[in-house]
Undergrad: 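Provided herewith is a single structure, encoded as structure tokens, for subsequent inquiry.
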Amino acid sequence: MNALTPGADSPTWPAEFAGRYRAAGHWRGETIGGVLRERATAHPDRIALVDPAPGRRTWTYRQLDERADRLAAGFLARGIGKGDRVVVQLPNIGEFFEVVFALLRIGALPVYALPAHRETEISHFCSFTEAVAYVVPDVHDGYDHRVLASRVRERTPGLKHVFVAGDPGGHTALAEVECEPSGPFDGPAPHELAFLQLSGGTTGVPKLIPRTHDDYLYSVRGSDEICGVDADTRFLVVLPAAHNFPASSPGWLGVLYAGGTVVLCPEPDPATAFGLIERERVTMTGLVPPLALVWTDAAPGSTYDLSSLELVLVGGAKYSERAARRLEPALGCRLTQVFGMAEGLVNYTRLDDDTETVVTTQGRPISPDDEIRVVDDADEDVPEGESGHLLTRGPYTIRGYWRAPEHDRRAFTEDGFYRTGDIVRRTPTGHLVVEGRAKDQINRGGEKIAPEEIENILLAHPSVHDASVVSVPDAYLGERSLAYVILREGAEPLRPAAVKRFVREHGVAAHKVPDLVEFVGAFPRTGVGKVSKRHLRSAAEQPEKH
Ligand code: OOB
């Protein structure tokens with residue numbers, strides 16, 4: 001059973017497990033804010049962070065630490081404190097790190113939104129977490145986040161502050177917030193929550209993932225060891241910094257933990273990224289499979305010097321063996337496959353694995369205490385080597401979502417294993433091969449879409465009688481989304497473009513807008529009368545259809 005203290009926001013590890021993880025040295029009693037302080041004391045003048053655009057800005061460890069302190073003091077002065085939730089929606093810019101470390105230092109919980117999120121998602125995060133503040137850039141990718149913030153604020157009376165990195169418009173500039181700290185902060189304890197991550201999700205609204213300082217830092221330390229991250233590592237953050245993969249696998253936190261340098265990449269295209277690799281002598285980065293493909297295609301003909309690159313991690317979605325084989329020769333560096341989840345468990349191929357293992361498996365768990373079960377539909381273990389549902393439990397895998405007890409009953413077993421929804425097979429060396437997915441989710445090149453969320457939006461259209469969203473195979477993204485729509489009798493005919501526009505105007509991240517829309521008269525049903533997504537998916541896979 002999981003431990004749920006009355007009044008707590010989420011279940012945690014039972015005392016017996018927590019004791020074991022501490023005794024094993026996994027949980028060391030460090031906090032994320034404390035780690036930055038220690039590194040700033042040990043090597044104040046090393047460069048922690050490089051933000052190349054526009055006009056190269058750098059932060060030494062001491063500067064990042066001081067900025068975090070000053071912002072933390074400013075947040076406290078505005079009444080933001082321990083346990084308060086703050087929705088952070090910042091792109092890959094230096095302010096992301098200043099804000100996150102400031103919040104972590106005073107024990108306020110960053111809620112990690114992605115830059116692509118829009119009004120529907122942000123309003124949900126703000127109201128569900130009862131956030132007191134929301135942090136945005138001014139304009140990013142041509143989109144004015146200050147306007148979004150004004151709308152969210154109207155809908156969410158509890159939201160007291162909007163802080164803007166850059167020109168604040170009618171809100172408060174981040175630069176105005178900071179002030180001189182008056183003394184040491186009453187920071188969080190290592191076993192307490194550090195932040196809330198977003199789940200990929202299978203339901204109408206994304207669930208929030210509560211991670212503690214102890215558990216997260218263990219996964220980061222383990223990732224550093226596996227990937228060989230040290231003070232000489234120069235890591236390029238290409239994916240959105242708020243996502244768990246670029247944050248901790250080993251990501252920017254792994255690099256700061258080891259005293260290395262984090263280089264921010266404003267755009268993931270090869271011209272931008274390759275230019276930065278050359279200029280900043282980048283040694284390591286993490287990519288989703290579609291980006292890895294684009295880089296692999298672009299590198300051989302490029303004139304950029306990529307010789308500093310030692311390791312590229314690829315994960316977030318299935319990386320085909322064919323594509324994986326091409327990466328090392330094209331980029332002239334090592335490949336590590338990562339199969340992880342924001343809920344916890346992360347698997348890596350190892351630097352000393354042979355090429356066959358690296359290109360044909362998705363790695364093995366970080367920790368000897370990651371418990372892995374591969375089971376059938378009745379939760380019985382399948383014979384070794386056969387495929388089944390992956391269940392996991394361990395020192396950095398959550399025991400429940402934040403304020404979602406109903407959902408927890410389905411997402412976790414009685415004895416605390418997380419049901420990942422992934423179908424895997426285990427090789428004799430303990431490496432996992434991802435063979436498919438049992439959860440109702442679309443993985444669009446690493447970006448996760450919960451069909452139910454989009455179906456609910458479609459059902460709000462006056463002409464739509466019913467909707468079902470499924471994945472279609474795609475050579476580049478792995479999967480794309482297809483919305484099957486049944487129109488109401490007598491309703492005005494709709495064009496696919498109008499359906500897409502309706503979803504977009506509802507205010508959701510662009511990647512959730514269906515790639516394809518098809519009108520049908522009825523849905524195939526299962527024996528018990530539910531819509532059969534399996535049949536819809538196989539209908540969608542008929543090559544003549546698209
Ligand atoms: C990462 O985290 P999330 O939370 O966005 O998504 C987790 C899900 C997994 O359950 C699995 O369905 C899929 O994404 N996934 C993969 C994969 N890596 C993730 N499926 C196949 N092959 C892979 N290599 O995506 C994430 C978190 C930390 C590190 C890396 C990825």
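Just the heavy atoms: all of them, side chains too, but no hydrogens, waters or symmetry mates, feed the values below. Each ligand, and each atom within it, is numbered from 1 in the order the structure gives. All of these numbers come straight from a predicted model, not from anything done at the bench.
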Undergrad: Do Y319 and Q362 have a side chain donor and acceptor closer than 3.5 Å?
TA: no
Undergrad: Consider only side-chain N and O atoms of R364 and Y348, and report whether a donor and an acceptor are under 3.5 Å apart.
TA: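 Side-chain D/A pair, R364 to Y348: absent.
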Undergrad: I would like to know whether T336 and V314 meet side-chain contact (heavy atoms from CB on, under 4.5 Å); could you show each step before the answer?
TA: CA-CA 6 Å; T336 288; V314 179; over 6 Å; no
Undergrad: How far is atom 10 (O) of ligand 1 from its nearest protein heavy atom, and which residue and atom is that?
TA: D422 OD2, 2.6 Å
Undergrad: Using a strict 4.0 Å threshold on nitrogen-to-oxygen distance, state whether R234 and E280 make a salt bridge.
TA: yes
Undergrad: Would you please say whether a donor-acceptor pair under 3.5 Å links the side chains of Y396 and D370?
TA: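 There is such a pair (donor and acceptor under 3.5 Å, judged by atom type) between the side chains of Y396 and D370.
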Undergrad: If we set the cut-off at 4.0 Å for heavy atoms, which region of N443 has an atom near ligand 1: side chain, backbone, both, or neither?
TA: side chain
Undergrad: With atoms numbered from 1 as shown, which atoms in ligand 1 lie under 4.0 angstrom from a non-hydrogen atom of N244?
TA: 27 (C), 28 (C)
Undergrad: Look at atom 29 (C) of ligand 1 and say which protein heavy atom is nearest, naming residue and atom and giving the distance to 0.1 Å.
TA: S249 OG, 3.5 Å
Undergrad: In plain terms, say whether E343 and R211 are close enough for a salt bridge, that is, a side-chain N and a carboxylate O under 4.0 Å apart.
TA: no
Undergrad: What atoms of ligand 1 come closer than 4.0 angstrom to any heavy atom of Q362?
TA: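 Going through ligand 1 atom by atom, the ones under 4.0 Å from Q362 are 22 (N), 24 (N).
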Undergrad: From the options Q337, K448, H243, select the one whose nearest heavy atom is closest to atom 14 (O) of ligand 1.
TA: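 Ranked by closest heavy atom to atom 14 (O) of ligand 1, first place is K448.
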Undergrad: Between Y216 and S248, is there a side-chain donor-acceptor contact under 3.5 Å, judged purely by atom types and distance?
TA: yes
Undergrad: Could you tell me the residue and atom name of the protein heavy atom closest to atom 21 (C) of ligand 1, and the distance to it rounded to 0.1 Å?
TA: K318 N, 3.3 Å
Undergrad: Would you say Q197 touches ligand 1, if touching means a heavy atom closer than 4.0 Å?
TA: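 Distance cut 4.0 Å: Q197 fails for ligand 1.
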Undergrad: Give me the nearest non-hydrogen protein atom to atom 15 (N) of ligand 1 as residue plus atom name, then the distance to 0.1 Å.
TA: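 For this ligand atom, the closest protein heavy atom is G316 O, 3.5 Å.
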Undergrad: Does any N/O atom on V338 come nearer than 3.5 Å to any N/O atom on ligand 1?
TA: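 Yes; at least one N/O pair falls below 3.5 Å.
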Undergrad: Among all the protein's non-hydrogen atoms, which is closest to atom 23 (C) of ligand 1, and how far away is it?
TA: A317 O, 3.4 Å
Undergrad: Hey, looking at atom 7 (C) of ligand 1, which of G340, A342, G446, G478 has the closest heavy atom?
TA: G340
Undergrad: Side chains of H431 and D353: donor-acceptor distance under 3.5 Å anywhere?
TA: yes
Undergrad: So for ligand 1, is V434 a polar contact partner (N or O within less than 3.5 Å, distance only)?
TA: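 No; the residue has no nitrogen or oxygen that sits under 3.5 Å from a nitrogen or oxygen of the ligand.
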Undergrad: May I ask you to check if ligand 1 and F245 share an N or O to N or O distance below 3.5 Å?
TA: no
Undergrad: Using a distance-only test with no angle check, is there a side-chain donor-acceptor pair under 3.5 angstrom linking Q89 and Y134?
TA: yes
